[in-house]
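Chain identifiers are assigned alphabetically (A, B, ...) following the order of the sequence lines, protein sequences preceding nucleic acid strands; residue numbering begins at 1 within each chain. Just so it is clear, the structure is predicted and the values come from calculations on it, not from any experiment.
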Amino acid sequence: MKDHDAIKLFVGQIPRNLEESDLKPLFEEFGKIYELTVLKDRFTGMHKGCAFLTYCARDSALKAQSALHEQKTLPGMNRPIQVKPADSEGRGEDRKLFVGMLGKQQSEDDVRRLFEPFGQIEECTILRGPDGASKGCAFVKYGSHAEAQAAINSLHGSQTMPGASSSLVVKFADTDKERTLRRMHQMAGQLGIFNPMTIQFGAYGAYTQAIMQQQAALMAAAQGTCLNPMAAIAAAQMQQMAAFNVSGLVAAPMTPSSGTSTPPGISTAPVPSIATPIGVNGFSPLPPQTNGQPASETIYTNGIHPYPAQSPTVADPLQQAYAGMQHYAAYPAAYAPISQAFHQQAPIIPQQQREGPEGCNLFIYHLPQEFGDAELMQMFLPFGNVISAKVFVDRATNQSKCFGFVSFDNPTSAQAAIQAMNGFQIGMKRLKVQLKRPKDANRPY
DNA sequence: TCGTATT
């Protein structure tokens with residue numbers, strides 16, 4: 001039915017209105033298709049904009065890749081179609097071996113001779129330092145996974161090379177992903193990033209700062225437009241609260257039981273309170289509401305507001321902002337268990353809609369590294385009804401790329417958000433908030 | 001630095 005060495009292709013940048021039957025003709029011209037599957041969300045059935053494609057013949061896949069990959073843009077897409085081997089195919093890593101515990105004086109030829117009996121060697125590289133001295137290890141790539149496996153079976157631990165401290169190591173080389181992960185862990189070790197305490201405080205700190213400054217921006221806007229004594233009073237009150245909150249949050253110990261012998265914030269003891277919502281669910285770090293105001297409901301549905309749209313009036317953002325501030329002020333560790341339970345029950349509602357109407361979609365750059373979709377949403381909620389908030393994430397590292405999109409359901413909210421948030425300082429950076437580039441409307445049919 | 005999605 002299909003070649004034993006067939007390649008499964010990943011196809012990206014597919015318009016979400018195209019199904020298998022629409023795509024088939026496009027790909028069939030390169031050969032007989034064995035399987036073509038559009039990826040769908042497992043719960044909602046939502047089209048993910050990509051597909052897997054396997055031809056019966058390996059050659060067809062290669063032809064399709066070279067003819068289509070980055071070569072052609074499907075209607076309605078901004079970027080060219082992607083056609084390349086799926087991640088599951090590995091990047092040749094499944095036939096590449098890492099060889100350790102070689103003798104320092106062994107050459108590439110020596111290693112080749114050792115590995116030749118098990119198959120066709122495509123690549124053989126000794127790892128060397130800057131001075132050219134062997135590091136005692138190498139990469140050997142075979143033509144197939146089976147050959148590589150045979151080499152492992154026969155050679156791993158089979159002998160000890162002169163000058164090596166233990167027997168020969170022969171294993172599959174790390175995949176790119178494994179390498180990246182390893183690097184991340186190394187960096188994390190140096191920076192202490194993966195200490196749960198640190199990452200939570202990092203997120204919370206930046207988030208708090210963003211909220212505080214956001215309040216200031218909102219108040220400035222309110223004062224500027226209203227010239228109303230009440231606004232001035234409200235502003236003064238909120239500034240006071242901001243000061244209170246900052247000191248309360250950052251300086252106070254987070255739990256009564258932690259840190260008797262370590263300073264607050266550096267404790268390595270388990271911290272069940274604030275840590276859990278962010279770390280486990282990626283939810284907003286805001287605590288449960290205590291005052292009956294609606295501003296924080298969104299938090300518990302992972303940023304999706306379960307109620308009809310808030311009106312984008314001046315009063316509404318202020319009210320919400322105010323409610324948010326009270327949460328910070330009032331948040332004690334005692335809320336932790338409630339907060340935790342609440343978060344665990346929060347429904348996961350996948351975002352159905354990504355993009356709003358023209359003029360409603362914002363592009364945001366210079367986001368703090370630790371901001372996720374939820375924080376982005378939270379930050380723009382005061383300006384109107386947020387349809388979606390998406391932070392771009394590097395797929396290999398799961399790290400934010402520090403930019404994202406926010407979509408409102410109306411242009412007025414979008415403009416208000418630009419007014420208030422563009423140039424907004426967070427840490428060392430200033431947010432860049434602008435309308436998303438409109439996708440090219442005048443494409444020749 | 002412009003909606004990236006890998007069963």
*Sequence neighbours excluded - side-chain hydrogen bond (donor to acceptor under 3.5 Å, both in side chains) pairs with any residue from residues 118-128 of chain A*: A:R95-A:E122

Using whole Å, what does the distance between atom [atom2] of nucleotide [N] and atom [atom1] of [X] come to?
X      : N     : atom1 : atom2 : answer
A:F52  : B:dT6 : CZ    : P     : 8 Å
A:F405 : B:dT1 : CZ    : P     : 12 Å
A:H47  : B:dG3 : NE2   : C1'   : 15 Å
A:I364 : B:dG3 : CD1   : C1'   : 12 Å
A:D41  : B:dT6 : CG    : P     : 11 Å
A:H69  : B:dT4 : NE2   : P     : 15 Å
A:F43  : B:dT7 : CZ    : P     : 13 Å
A:F408 : B:dG3 : CZ    : P     : 18 Å

*For side-chain contact (heavy atoms from CB on, under 4.5 Å), just list the numbers for A:Y34 and A:M1, CA-CA rounded to whole Å, side-chain angles, deciding distance to a tenth of an Å, and then say yes or no.*
CA-CA 7 Å; A:Y34 173 74; A:M1 196 61 193; 3.2 Å; yes

*What residue among A:I418, A:L431, A:V391, A:N422 forms side chain to side chain contact (heavy atoms under 4.5 Å, CB included) with A:I364?*
A:L431

*Step-by-step side-chain contact (heavy atoms from CB on, under 4.5 Å) determination, A:C50 to A:K48*: CA-CA 6 Å; A:C50 55; A:K48 288 192 177 179; 4.2 Å; yes

Kindly write out the residues that satisfy salt bridge (Lys or Arg N to Asp or Glu O under 4.0 Å) with [X], not counting sequence neighbours, or none if the list is empty.
X     : value
A:E28 : A:K24
A:E20 : none
A:K32 : none

*B:dT6, B:dG3, B:dT1: which one has an atom nearest the side-chain heavy atoms of A:K48?*
B:dT6

*Which nucleotide in the list B:dT7, B:dT1, B:dG3 gets nearest to the side chain of A:F363?*
B:dT1

*Can you find a donor-acceptor N/O pair under 3.5 angstrom joining the side chain of A:R79 to the base of B:dT4?*
yes

*Can you name the nearest heavy-atom pair linking A:D5 to A:R58, along with the distance?*
O-NH1, 2.9 Å

_Please give me every residue in residues 1-15 of chain A whose heavy atoms get under 4.0 Å of an atom in DNA chain B, ordered by residue number._
A:K8, A:F10, A:G12, A:Q13

*Scan residues 80-88 of chain A against DNA chain B and write down, sorted by residue number, each residue with any heavy atom closer than 4.0 Å; if none is found, say none.*
A:Q82, A:K84, A:A86, A:D87, A:S88

*asked:* Walk me through whether A:E147 and A:K141 qualify under salt bridge (Lys or Arg N to Asp or Glu O under 4.0 Å).
replied: CA-CA 9 Å; A:E147 291 168 335; A:K141 193 198 246 178; over 6 Å; no

*Base, sugar-phosphate, or nothing for A:K432, non-hydrogen atoms under 4.0 angstrom?*
base

_Contact under 4.0 Å: A:N361 side-chain N or O vs B:dG3 OP1/OP2_ = no

